[in-house]
Peer 1: 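Once you've had a glance at the structure underneath, I'll fire off some questions.
The analysis underlying the following values was restricted to heavy atoms, covering all of them including side chains, and did not include hydrogens, waters or symmetry mates. Per chain, numbering begins at 1; letters A, B, ... match sequence-line order.
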2 protein chains.
Amino acid sequence: MSKPKIVVLGAGYAGLVTTRHLTKKLSAEEAEIVLINKHNYHYESTWLHEVAAGTKTPNQARFMISDVVNPNRVRLIYDTVVKVNKDEKRVVLENSEVTYDYLVVALGFVTNTFGIKGMEENAFFIQDIDSARLIAEHIEYQFAKYSAGEITDDELLNIVVGGGGFTGIEFVGELAEIVPKLCKKYDIPRNKVRIINVEAAPTVLPMFDKDLVSYALQYLESRGVEFRMSAAISECTKEGFIVGEDKELIKGGTVVWTGGVTGNPVLGQSGFELVKGKVNVDADLRMPGEENIFVLGDCSWVMNKETGRPYAPTGQLATQEGVVAAENIKALIHNEPLKDFVFDDKGTVASLGVANGIGNILSGTKLQGKAAAAMKKVVDDRTLFLIGGPKLVLKKGKFRPF
Amino acid sequence: MSKPKIVVLGAGYAGLVTTRHLTKKLSAEEAEIVLINKHNYHYESTWLHEVAAGTKTPNQARFMISDVVNPNRVRLIYDTVVKVNKDEKRVVLENSEVTYDYLVVALGFVTNTFGIKGMEENAFFIQDIDSARLIAEHIEYQFAKYSAGEITDDELLNIVVGGGGFTGIEFVGELAEIVPKLCKKYDIPRNKVRIINVEAAPTVLPMFDKDLVSYALQYLESRGVEFRMSAAISECTKEGFIVGEDKELIKGGTVVWTGGVTGNPVLGQSGFELVKGKVNVDADLRMPGEENIFVLGDCSWVMNKETGRPYAPTGQLATQEGVVAAENIKALIHNEPLKDFVFDDKGTVASLGVANGIGNILSGTKLQGKAAAAMKKVVDDRTLFLIGGPKLVLKKGKFRPF
């Protein structure tokens with residue numbers, strides 16, 4: 001009998017952790033492992049707002065997959081997944097096809113515009129390395145055009161960010177860092193450039209309590225970020241967002257939408273049953289009714305039994321799911337019972353630029369200021385450790401021991 | 001009797017050297033010196049092709065005027081010259097007016113499109129720091145858009161450069177350096193990007209002999225630069241250059257015109273008599289018929305008595321003119337005879353990227369390859385020395401002693 005073939009789709013947090021844990025838990029004789037990813041690199045999707053602002057280079061936020069996964073142990077295929085044919089246990093790629101015995105679907109998120117008119121055509125998205133660095137380049141290009149007199153309208157220097165969630169707020173925090181530097185570089189007065197965050201709800205960062213949110217708002221406002229809350233966007237035009245009943249135009253030369261994400265469209269193209277764009281998985285992380293398919297990270301909803309609601313999608317959640325998925329695949333191969341996933345919430349920290357932040361850690365401890373900024377870097381380094389081990393922390397970590 | 005007031009317009013090579021030599025030759029009691037410049041910085045106009053390619057940052061190619069001119073000795077005015085009223089001995093600035101006893105007009109060049117249709121609207125110019133870095137930003141923005149899938153036409157990656165003179169050839173040399181780096185950064189195969197130089201004449205670099213030109217062409221072609229010679233541009237559209245009788249379109253996402261320069265338009269606005277956009281000055285560098293006005297650098301033609309034709313406009317020429325202008329102003333103040341300007345040609349070196357070049361030095365010695373590249377850096381550092389002294393060479397020089 002040939003050895004079972006495990007195919008992992010996606011080398012994000014969930015897919016990469018699954019793959020690395022599989023190589024540790026299973027010998028080369030026990031299983032063949034295949035990892036399929038669009039690029040030959042992994043990127044930190046929770047750092048993309050920094051790439052989009054230009055406070056981090058793309059290379060600081062990505063690393064070669066072959067640096068953390070042994071290509072002699074894991075077959076690496078760099079290709080784009082078109083769809084999964086689960087009846088035939090086959091994955092269709094753009095350039096080939098791959099069969100599997102066990103499948104891990106960890107294809108990440110795409111931006112969700114909720115059908116807002118013009119958003120797809122006119123707004124930038126923080127979706128992957130390429131789309132994020134395009135934003136940084138676009139912002140700098142506006143400054144270059146302005147200083148060369150090619151554009152003269154001050155409002156084209158404005159950066160307008162839709163969405164007051166995690167990404168939107170962390171992004172404007174980074175913009176508050178980079179804008180003064182760009183102003184200096186291009187000899188443009190700081191007060192000519194507005195950073196405007198637009199959110200439909202009456203507040204931002206709903207995952208944090210009121211005190212922390214008001215701390216965050218005050219700090220960001222002191223650094224020149226403007227907030228427009230209770231401002232629902234009805235349309236995105238080439239000029240900016242149209243908000244409110246009086247159809248006010250909030251103008252900007254750079255318009256970014258961070259207001260929502262959903263699971264990779266491959267899920268739908270594969271005919272999977274979806275709830276709000278993702279698969280509702282069982283407690284063992286498998287697709288309901290499927291013996292051999294795990295769906296992880298931003299492609300699935302995992303129920304929190306305590307609250308009766310799914311866990312919020314984070315890098316931390318995806319990473320922990322990867323560990324359990326690898327354990328459960330091993331259990332399947334060894335004919336042992338599978339275990340249920342339980343999220344061990346280490347807390348949530350949001351950065352507000354490079355030197356500030358807010359966070360909830362463990363149960364109920366609140367953090368703000370420098371301590372939260374430091375904790376955020378600890379969290380980011382811990383993630384690097386989990387996906388790539390100590391060498392990766394040394395290479396790409398935000399706290400460096402030297 | 002009040003002391004005479006010398007006003008220098010422009011802090012390019014000619015204006016800055018004039019100013020510095022005036023401060024050395026004349027005591028503070030003998031004359032008041034005013035230097036008027038649009039920006040608070042001087043830039044190396046002969047390095048702008050490097051800024052435009054992105055191989056040098058704007059800050060590497062500029063320095064603060066107050067770093068090389070003592071503001072206690074020279075009154076520095078940062079403003080734009082509107083026109084000179086020579087009958088009233090008055091200079092009109094955007095924000096004020098200044099009177100003078102002696103005037104040095106050293107306002108540099110602007111790009112000359114020779115009226116080619118659409119050139120002004122659709123091509124980039126290498127004219128000053130702001131316009132040069134806009135080109136570098138624009139090129140990188142095309143790469144960012146392509147890698148993010150926002151543009152899909154490969155031809156939008158093409159960089160098309162009109163003009164095979166000094167700037168055009170040195171510019172494509174720098175592009176040959178930067179394009180492979182951008183390709184790597186943006187995960188784009190090198191062969192997708194074309195660098196195309198378009199020249200109406202049957203050859204490029206007319207100031208060099210045939211051997212050196214063919215060396216240059218061969219080298220640049222080996223690095224992926226394409227040459228289209230005998231290709232007169234009849235029009236520049238949003239898409240590229242239209243050339244030849246069959247109206248062929250040479251397409252590019254970045255279209256740069258380097259095919260000509262002329263004197264600053266202030267000359268015409270001031271009613272000066274012009275020949276091809278510049279003032280034909282007397283041998284002592286004064287405007288004909290004017291006792292007290294010197295016109296230098298790219299604003300004037302100085303006759304070479306040996307050839308009966310004006311000297312070719314270069315940074316070297318402008319620098320030497322500055323020295324003589326300062327001496328002649330001193331002579332005027334001291335009622336001594338003025339001297340005629342004679343150009344001491346040290347030779348001409350063109351860079352072909354960072355590690356290659358061609359040049360004629362002294363009388364008849366030809367250089368090519370690494371020696372020419374090194375000589376070019378020596379020339380650039382020598383210019384820095386002449387305008388700013390040894391400290392400036394240490395700060396901005398291309399050869400560094402450490």
Side-chain angles (χ1 to χ4, degrees), chain A residues 37-41 43 48 51-52 54 56-62 64-65 78 80 94 110-111 120-152 156 181-182 184-188 238 253-256, chain B residues 37-41 43 48 51-52 54 56-62 64 78 80 94 110-111 120-152 156 181-189 253-256:
Chain A
N37 196 58
K38 194 172 175 180
H39 306 106
N40 59 0
Y41 57 83
Y43 56 87
L48 287 177
V51 175
K56 256 199 192 335
T57 66
N59 283 342
Q60 285 176 300
R62 66 177 172 178
M64 301 304 278
I65 293 167
Y78 303 130
T80 300
E94 265 181 14
V110 295
T111 298
E120 195 79 44
E121 299 82 353
N122 298 312
F124 289 103
F125 300 155
I126 301 178
Q127 223 169 209
D128 53 23
I129 288 283
D130 291 333
S131 62
R133 77 173 149 201
L134 178 62
I135 296 172
E137 287 302 325
H138 181 84
I139 292 170
E140 186 149 358
Y141 191 52
Q142 304 312 302
F143 279 69
K145 284 201 283 188
Y146 188 88
S147 74
E150 239 195 44
I151 56 175
T152 50
L156 289 174
K181 288 177 187 153
L182 289 174
K184 203 169 168 203
K185 181 168 172 191
Y186 288 96
D187 310 305
I188 294 171
K238 277 190 202 319
T254 305
V255 179
V256 183
Chain B
N37 196 60
K38 194 173 174 179
H39 306 107
N40 58 0
Y41 57 84
Y43 57 86
L48 287 177
V51 176
K56 253 196 194 338
T57 66
N59 282 342
Q60 286 177 299
R62 67 176 172 179
M64 300 304 278
Y78 303 129
T80 301
E94 267 181 15
V110 295
T111 297
E120 194 80 45
E121 300 81 354
N122 297 313
F124 289 103
F125 301 154
I126 301 179
Q127 220 167 213
D128 54 22
I129 287 283
D130 290 333
S131 63
R133 78 173 147 201
L134 177 62
I135 296 172
E137 287 301 326
H138 181 83
I139 291 170
E140 185 150 357
Y141 191 51
Q142 304 314 301
F143 279 69
K145 283 201 285 191
Y146 187 88
S147 73
E150 239 195 44
I151 56 176
T152 50
L156 290 175
K181 288 178 187 153
L182 289 174
C183 285
K184 203 169 168 204
K185 182 169 170 190
Y186 288 98
D187 309 306
I188 294 171
T254 306
V255 179
V256 182

Peer 1: Give, as side chain, backbone, both or neither, the part of A/Tyr146 having an atom under 4.5 angstrom from any heavy atom of chain B.
Peer 2: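 Neither part, no heavy atoms under 4.5 Å.
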
Peer 1: So which residue, A/His39, A/His138, A/Lys145, ends up with the most heavy-atom pairs under 4.5 Å with chain B?
Peer 2: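 Of the options given, most contacts go to A/His138.
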
Peer 1: Check each atom of A/Glu150 against the heavy atoms of chain B and say whether the ones under 4.5 Å are side chain, backbone, both or neither.
Peer 2: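 Side chain only.
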
Peer 1: Mind listing the closest non-hydrogen atom pair of A/Ala148 and B/Leu134 along with its distance?
Peer 2: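 Heavy-atom minimum between the residues: CB-CD2, 3.8 Å.
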
Peer 1: Name the region of B/Tyr186, side chain, backbone, both or neither, that has any atom closer than 4.5 Å to a heavy atom of chain A.
Peer 2: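 Both parts, heavy atoms under 4.5 Å.
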
Peer 1: Less than 4.5 Å to any heavy atom of chain B: does that hold for the side chain of A/Phe125, its backbone, both, or neither?
Peer 2: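 Answer is neither: A/Phe125 stays 4.5 Å or more from chain B.
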
Peer 1: Compare every heavy atom of A/Arg62 with every heavy atom of B/Lys185, then report the nearest pair and how far apart it is.
Peer 2: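 Here B/Lys185 and A/Arg62 meet closest at O-NH2, 3.6 Å.
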
Peer 1: When you check the gap from the basic side-chain N to the acidic O, do B/Asp187 and A/Arg133 get nearer than 4.0 Å?
Peer 2: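 Between A/Arg133 and B/Asp187 there is a salt bridge, with a charged N closer than 4.0 Å to a carboxylate O.
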
Peer 1: With rounding to the nearest 0.5 Å, note down the distance linking CD1 in A/Ile139 to OH in B/Tyr141.
Peer 2: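 A/Ile139 CD1 to B/Tyr141 OH: 10.0 Å, rounded to 0.5 Å.
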
